[in-house]
There are 2 protein chains.
Amino acid sequence: MAETHTSSRHRLQSTDLATEIEFLMARARALGTSKANEQLAALNLKARSYAVLALACSDSRPSQRELAEFLSLDASQIVALVDGLESRGLVVREPDTSDRRSNVIVGTPEGVALYERAVSVVSAAEGKSLGSLSETERDQLRELLARVAFEG
Amino acid sequence: MAETHTSSRHRLQSTDLATEIEFLMARARALGTSKANEQLAALNLKARSYAVLALACSDSRPSQRELAEFLSLDASQIVALVDGLESRGLVVREPDTSDRRSNVIVGTPEGVALYERAVSVVSAAEGKSLGSLSETERDQLRELLARVAFEG
DNA sequence: TATTGTTATACTCTATAACTATA
DNA sequence: TATAGTTATAGAGTATAACAATA
């Protein structure tokens with residue numbers, strides 16, 4: 001909690017590790033996620049459940065399998081995540097008419113309402129995390145990350 | 001393992017979530033870490049232990065507390081990580097002469113040798129992960145991430 | 001009093017395998 | 001034979017609080 005005397009712009013920044021993109025992503029994400037989770041806690045959400053809710057509230061009608069794949073999670077983890085949201089009345093599992101093995105996860109009106117609030121909370125947190133970047137730099141970062149995240 | 005038929009450039013990429021930098025970092029990192037871990041397994045390392053080894057083998061002589069902070073880990077987690085490397089003779093805990101509460105973690109010659117091999121393995125994995133980016137784009141990404149990761 | 005490293009512990013997250021119902 | 005969802009479970013990762021030694 002208390003940051004000790006971290007103000008001393010980290011000595012270790014001059015190491016080779018600190019130039020590895022992998023490491024930088026891990027650290028940037030740890031910072032960002034903890035900020036986002038702090039804010040989301042007020043809505044009883046976490047980064048994970050927020051992501052599921054966001055996709056459920058989009059018009060894409062994802063299956064659980066698609067959620068797992070898109071969110072880089074194991075399919076078995078989606079079950080608990082969806083259970084949690086469903087028990088709060090935020091999403092429902094609708095049978096997929098074209099494949100009866102499959103559920104489609106969609107947001108309820110309550111879910112959509114909570115999602116709207118969560119979006120603004122998350123984007124505020126993102127704004128804080130990315131405070132040192134200009135708008136064009138953020139777009140640049142977004143574009144580069146997207147190519148890495150969805151590379152074939 | 002088998003990627004089912006993911007070849008279908010994800011439907012969900014058009015959702016709002018997919019434009020959030022936080023989400024993109026999480027996904028990019030998940031991809032990269034799993035690739036890196038695959039390669040590091042042959043050296044009996046993981047991303048975490050590799051990072052500790054890298055810092056131990058730099059000339060910065062980090063304390064355990066500094067490792068924890070720099071790697072966004074809890075101090076108590078560093079103990080096990082260092083224990084593991086120390087028991088393999090890759091690093092040693094040296095008492096800090098200026099503060100006897102403190103240990104300084106340094107790589108042994110064996111540790112340095114393994115680290116050299118690990119670096120090349122990791123950078124090959126990174127190269128694969130970032131395959132779609134040019135050299136200048138990688139530098140751009142590195143610079144942007146560093147600012148987010150070390151923002152004051 | 002405060003801090004470093006440590007331990008113990010509980011909690012969460014993640015991965016695996018097995019099952020069911022569909023295809 | 002293969003896939004979607006589910007369950008159970010074990011293993012890894014993470015957070016909390018407490019203690020000893022030192023500052």
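A note on names: the letters A, B, ... follow the listed sequences, proteins ahead of strands, and every chain is numbered from 1.
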(request) Counting heavy atoms from C-beta on, name the nucleotide in dT3(D), dC13(C), dG13(D) closest to the side chain of Arg48(B). (result) dG13(D)

(message) Strictly below 4.0 Å: does Gln77(A) bring a side-chain N or O up to OP1 or OP2 of dC13(C)?
(response) no

(message) Expressed as a whole number of angstroms, how long is the span from Asn103(A):CG to dT7(D):P?
(response) 11 Å

(message) Rounded to whole Å, how long is the line connecting atom CD of Glu94(B) with atom P of dT4(C)?
(response) 19 Å

(message) So, under a plain 3.5 Å distance rule, would you say the side chain of Arg65(B) forms a donor-acceptor pair with the base of dT4(C)?
(response) no

(request) For Asn37(B) and dA15(C), give me the distance from atom CG to atom P, rounded to whole Å. (result) 10 Å

(request) May I ask you to decide whether Arg147(A) forms a salt bridge with Glu151(A), counting only side-chain N to carboxylate O separations under 4.0 Å? (result) no

(message) Does dC13(C) have its OP1 or OP2 closer than 4.0 Å to a side-chain nitrogen or oxygen of Lys46(A)?
(response) yes

(message) Whole angstroms only, please: what is the CD-P distance between Glu86(A) and dG5(D)?
(response) 13 Å

(request) Please report, rounded to the nearest Å, how far the P atom of dT6(C) is from the CG atom of Leu81(B). (result) 12 Å

(request) Look at the side-chain N and O atoms of Ser63(B) and state whether any lies under 4.0 Å from the OP1 or OP2 oxygen of dT4(C). (result) no

(request) In whole angstrom, give the distance that lies between atom CG of Asp74(A) and atom P of dT16(C). (result) 8 Å

(message) Given 3.5 Å as the limit, does a donor-acceptor pair link the side chain of Arg11(A) with the main chain of Ser60(B), or not?
(response) yes

(request) Starting from the 5' end of DNA chain C, give me the residue, Thr97(A) or Glu66(B), whose nearest nucleotide shows up first. (result) Glu66(B)

(request) Examine the side chains of Gln77(A) and Arg48(A) and answer whether a donor and an acceptor come within less than 3.5 Å of each other. (result) no

(message) Quiz question: by atom type and distance under 3.5 Å, do the side chains of Gln39(B) and Tyr50(B) form a donor-acceptor pair?
(response) no

(request) Mind calculating the distance between CZ (Arg101(B)) and P (dT4(C)) to the nearest angstrom? (result) 6 Å

(message) Please determine whether a side-chain nitrogen or oxygen atom of Gln64(B) lies at a distance below 4.0 Å from atom OP1 or OP2 of dG5(C).
(response) no

(request) Check the distance between dG5(C)'s P and Ile78(B)'s CD1 and give it to me in whole angstrom. (result) 10 Å

(message) At 4.0 Å (heavy atoms only), tell me whether Asp96(B) reaches a base, stays on the sugar-phosphate, or touches nothing.
(response) nothing

(request) Between Ser76(A) and Arg100(B), name the one whose nearest nucleotide on DNA chain D is closer to the 5' end. (result) Ser76(A)

(message) I want to know whether His10(A) and Phe70(B) have ring centres closer than 6.0 Å.
(response) yes

